[in-house]
Amino acid sequence: MVSAKDVQELVKSKLKGYKFIIVSNREPYIHMYTPDGVQVKTPAGGLTAALDPLMQATGGIWVAGGSGDADRENVDAQNRCRVPPANPKYVLKRVWMSKNEVDKFYFGFSNQTLWPLCHNVFRGPVFDKSFWSGYKHSNTLYAEAIRQETKGIDKAFIWFHDYHLGLAPKMVRNGAPKKQKLVLAHFWHIPWPTWDTFTLLPWAEEILDGMLANDLIGFHLPSYCVNFLASVEKVMGIKPDYGTLNVKYKGRTIHVRPFPISVDFDTIDKLARNPGVKREMKRVRAPQYIPYKYIGVGVDRIDYTKGILERFRAIDRFLEKYPEYQNNFVFVEAGAPSRTRIPDYMKLNEEISKAVDKINWKYMRGYWKPIIYIEGKLNPDRLFALYRTADLCVVSPIQDGMNLVAKEFISANVDCTGALMLSKFAGATEELEDAVIINPYDVEGFADAIKDTLDMSPKEKRRRMKSLRSHVNRNNVFKWLSDFICEVAKFIS
Ligand code: GDG
């Protein structure tokens, strides 16, 4: 099993004195004003959940957009602070954007153009020139922050994250002094669509040109790598090598490789065994909270790609078709709202509330109602108590690059009493063969699968969960990092 310590040693040996810089839009720590003074929060989201433990293990600089209302008051003159605040392990450097810049770059091009384009889920991407200009401008702000941190340095390894930063690699490469040795890598956390979808984007060529300034480009799945290379071929007329997954561009060879992201299995497994979790578990099953035979759980960042409405439709059908489960089954959905300034997300929040209300009204009897909807991020003890108590966890995206919730549930289900229901459209499905695979669009099949999963024998549940846990344990987030760093090392001379 690869550990945080192994990765630390790997970085030290392979990156031989290179300055280690991570760049992402989302910051791992946010300073917020509260009635009790300034507090530091960590955002809900796959990217920071996966990378913070890695940075804590390796040290370095993380460049990210400042998003907290107290962020500016908590940095030095170079816009830096040390994090985690309680036990500092690395430097966070913040990039500032005005509200207008955030509207165009983050809520605009990143999340109304690239996000729906790459997920290809029947939501029209918005092709707006002012969003595109804002995206270009904000990428220059990130490139400038990186330039400040690499000034006078001989060698640096810069690791870009996600679809917000498609242009920054080229800006950084072009702006670097000739004798500076820069190794640039990018991990794209969402799917890459097929070339015919990608080429709908009027600025497809500029994005590819920006990305190809990297030495290494990582995706979760081999199919996303192939889609990316096919986009390069169609848009730029360059023939990639589909065998090696390499492509030659401007005299350099770029490696495009799959690295399925994962979670810190050991830490989650330990946290799930905390005495606080055990206390919460008793509360969860207590007569005044959930006194029913079966519990299902769903945990999501509220997003139309996560298939939350599709899940509720299936629960509705399940209760209709198998009435013996009424008054017996409760589904707890924890939803952390995100991107709430975007109209599609506002609408989704309303649709979710309406769906919960409608289904609960249809079936409620005395104290019992089938769906408990908890809006906002759950505290870890409650989350892990739910993960340990639930008979099933439903992860039903209509499209998802990987999905970390599935792997977190597996890591926390220490008693092997729960079953994972997983959409065939989640990247994680390629690895997690012992999950119950569902199609979120197939209401009837999904409803039947809920019944079959609840009826599954404890022995079969245990067999499946043991095998899933062994897979996630072997393929943890440190393995992901170590595989990525080993590939980066091929560019280090
Ligand atoms: C992108 C890709 C890819 C969510 N709600 C609550 C909560 N969360 C935490 C989960 C998990 C994270 O947020 C969500 O991660 P996902 O992987 O599901 O999704 P995205 O944010 O869309 O991430 C995705 C990922 O990048 C990594 O590459 O897997 O495919 O879309 O960590 O635990 N946490 C708590 N309460 C909540 O209500 N405590």
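Remember, it's 1-based here, ligands and their atoms both numbered in the order they're listed.
Ring pair Trp192/Phe228 is perpendicular by interplanar angle, where above 60° counts as perpendicular and below 30° as parallel.
Within 6.0 Å of the CZ atom in Arg279, the count of heavy atoms belonging to other residues, nucleotides or ligands does not exceed 12. Within a 6.0 Å sphere centred on NZ of Lys93, heavy atoms belonging to other residues, nucleotides or ligands number more than 12. More than 12 heavy atoms of other residues, nucleotides or ligands lie within 6.0 Å of CD in Gln39, so this atom counts as buried by the packing criterion.
Within ligand 1, counting atoms from 1 as listed, the ones closer than 4.0 Å to a heavy atom of Lys306 are 16 (P), 18 (O), 19 (O), 20 (P), 22 (O). Residue contact check: Arg301 has heavy atoms under 4.0 Å from atoms 4 (C), 5 (N), 20 (P), 21 (O), 22 (O) of ligand 1. Applying the 4.0 Å criterion to heavy atoms of Glu408 picks out, from ligand 1, the atoms 10 (C), 11 (C), 32 (O), 33 (O). Short contacts between ligand 1 and Gly401, defined as distances under 4.0 Å to a heavy atom of the residue, involve ligand atoms 30 (O). Listed by number with element, the atoms of ligand 1 under 4.0 angstrom from any heavy atom of Leu383 are 39 (N). Shown in contact with Gly376 at under 4.0 Å from a heavy atom are these atoms of ligand 1, numbered in order with element: 38 (O). Atoms of ligand 1 lying under 4.0 Å from any heavy atom of His220, numbered from 1 in the order shown and given with element: 3 (C), 28 (O).
At least one N or O atom of Met402 sits closer than 3.5 Å to an N or O atom of ligand 1. The shortest N or O to N or O distance between Gly335 and ligand 1 is not below 3.5 Å. On a distance-only criterion, Phe187 and ligand 1 share no N/O pair closer than 3.5 Å. Ligand 1 has an N or O atom lying under 3.5 Å from an N or O atom of Asp400, backbone or side chain.
Taking the charged nitrogens against the carboxylate oxygens, Lys270 and Asp266 have no contact shorter than 4.0 Å, which rules out a salt bridge. Comment: Glu206 does not engage Lys170 in a salt bridge, judged by the lack of any side-chain N to carboxylate O separation of less than 4.0 angstrom. Comment: Arg388 does not engage Glu280 in a salt bridge, judged by the lack of any side-chain N to carboxylate O separation of less than 4.0 angstrom. Checked for salt-bridge contact, Asp103 and Arg341 meet the test: a charged N lies under 4.0 Å from a carboxylate O.
When Asp300, Leu404, Val263, Ile261 are ranked by how near their heavy atoms come to atom 5 (N) of ligand 1, first place goes to Asp300. Of the options His189, Arg26, Glu333, the smallest heavy-atom separation from atom 1 (C) of ligand 1 is shown by His189.
In this structure, CD1 on Ile438 lies 9.5 Å from CD on Glu310, to the nearest 0.5 angstrom.
For the pair Gly427 and ligand 1, no heavy-atom separation below 4.0 Å is found. Residue contact annotation: Trp115 has a non-hydrogen atom under 4.0 Å from ligand 1.
Using modelled atom types and a 3.5 Å distance limit, the side chains of Asp196 and Thr194 yield a donor-acceptor pair.
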